[in-house]
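See below for the structure under consideration.
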Amino acid sequence: MTDRSETGPPGMEQHVTADGGFAYGVIGASLHVFGDGTPLYVLENWRPPPPDAASRPEPPGGRERELADLRTWREEGPRLAVRWLHGPDGRGGSLLAAEFAREALADGWRVVTAVHGPGAVLPPPGSQDLRPAGAQGLILIVDHADRWPLTHLTWLFSNALLHRPDVPTRLLLPARSTDTWPAVRATLANHRAGTSAMFSAPLQDGGA
C-alpha cells in the first residue's frame, strides 16, 4: 500500500493517482492506493442517492427517533467519534445514513463518503476538495462497512482527513450486523475515538 501525493497551490496538498488514464485526486486528505495505482477506496463529497422507484417511502417521521439520536451523537462527545449503524436489511441503515447526511449538510457540516475499491466507481474527473474549512465539522459515511477487509478500514481510519485537531469529526458506518464491530472498534483504540453502536430498525411496508 502506498500514499501518492504532489504539491498543489500554496498551502494546499493534492494527492493524485491515475487508473487506466483516469486521474483521481483529493485535496485535504490522504490517498491510499495499491501498487498498480488503483485506489484502495474512493473519497468524495456526499451526493444524494438517486431515487429508487421500486422502493416504498417510509411513513413521515418513521425515523425521527433514530435521527434525533444521530443528531445528539453528532453534536456531543469527543472530537473524533465512530458509530456502527447496524440493521438486518442493510438498506434501512443506508437510507437513514443518507437522511442524516442531508440534514448535516444543511446544518453546515462537510459530508464525505468512502466507497471501497478497487471496484469503486470513480467520481467525475478532477480533484475532490474535501477540506472542512469553514464547516461546522466533518462527517464520513462508510457504507457497507462490514464488507471492508479490516486492514483496509485501518488504512481509512489513519487518513489525514480525520485527524485535524480543531475539526469535530464523525464516522458513520452502516452495516448489516455487529459481527465485525468488535475487531473494528479495537483498531480505533490508538486514535482515541469515541465508539458506539446503534441498531437501525428494518424498513416497514415490505422494504428490503
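Both backbone and side-chain heavy atoms feed into the values below; hydrogens, waters and symmetry mates do not.
W84 contributes a side-chain N or O that, together with a main-chain N or O of S177, makes up a donor-acceptor pair within less than 3.5 Å. Between the side chain of H163 and the main chain of F157, a donor-acceptor pair closer than 3.5 Å is present. For the pair E66 (side chain) and A201 (backbone), a donor-acceptor distance under 3.5 Å is present. In this structure, T169 contributes its side chain and V167 its backbone to a donor-acceptor pair below 3.5 Å. D146 contributes a side-chain N or O that, together with a main-chain N or O of R176, makes up a donor-acceptor pair within less than 3.5 Å. A donor-acceptor pair is defined here as one N or O able to donate and one able to accept, closer than 3.5 Å; such a pair exists between the side chain of R170 and the backbone of R79. A donor-acceptor pair is defined here as one N or O able to donate and one able to accept, closer than 3.5 Å; no such pair exists between the side chain of D129 and the backbone of G28. Checked by atom type and distance alone, the side chain of R110 never pairs as donor or acceptor with a backbone atom of A133 at under 3.5 Å.
Distance check, rounded to the nearest 0.5 Å: CG of L85 to OG1 of T178 gives 12.0 Å. Here the straight-line distance linking atom CG of L80 with atom CZ of R192 works out to 12.0 Å at 0.5 Å rounding. To the nearest 0.5 Å, the span separating CG on L31 from CG on L43 amounts to 8.0 Å. One distance of note links CZ of F100 with CH2 of W109; it measures 7.5 Å at 0.5 Å rounding. One distance of note links OG1 of T180 with CZ of R147; it measures 11.5 Å at 0.5 Å rounding.
Note on L96 and F199: separate hydrophobic clusters, where clusters join Ile, Leu, Val, Met, Phe, Trp and Tyr whose side-chain heavy atoms are under 4.5 Å apart, directly or indirectly. Taking hydrophobic clusters as Ile, Leu, Val, Met, Phe, Trp and Tyr residues chained together by side-chain heavy-atom distances below 4.5 Å, V26 shares a cluster with F34.
Side-chain contact check for S200 versus R63: some heavy-atom pair is nearer than 4.5 Å. Annotation: side chain of L172 is not in contact with side chain of V142 (no heavy-atom distance under 4.5 Å). Side-chain contact between L161 and L138 is present, with heavy atoms from C-beta onward closer than 4.5 Å. At least one side-chain heavy atom of T195 sits under 4.5 Å from a side-chain heavy atom of W181.
Taking the six-membered ring where the residue is Trp, Y41 and H32 present perpendicular rings, their angle passing 60° and hence far from 30°. Between H152 and H116, the two ring planes are tilted [angle within 30° to 60°].
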**OP:** Check step by step if side-chain contact (heavy atoms from CB on, under 4.5 Å) holds for D107 and Q136.
**Re:** CA-CA 8 Å; D107 290 341; Q136 295 293 321; 5.8 Å; no

**OP:** Decide side-chain contact (heavy atoms from CB on, under 4.5 Å) for H191 and L171; before the verdict, give the C-alpha distance in whole Å, the side-chain angles of both, and the deciding distance to 0.1 Å.
**Re:** CA-CA 13 Å; H191 298 298; L171 278 71; over 6 Å; no

**OP:** Just do the side-chain hydrogen bond (donor to acceptor under 3.5 Å, both in side chains) check on D143 and S94 with the steps written out, would you?
**Re:** CA-CA 7 Å; D143 210 0; S94 296; 3.0 Å; yes

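When every heavy atom of A104 is checked against every heavy atom of V111, the shortest pair comes out as CB-CG2, 4.1 Å. The two atoms that bring A145 and L173 nearest to each other are CB-CB, 3.6 Å, heavy atoms only. The minimum heavy-atom distance linking V82 with W73 is given by the pair C-CZ2, 4.0 Å.
A side-chain contact (heavy atoms from CB on, under 4.5 Å) with L140 holds for exactly one of L156, T113, L130; it is L156.
A salt bridge links R71 with E103: the closest approach of a Lys/Arg side-chain nitrogen to an acidic carboxylate oxygen falls below 4.0 angstrom.
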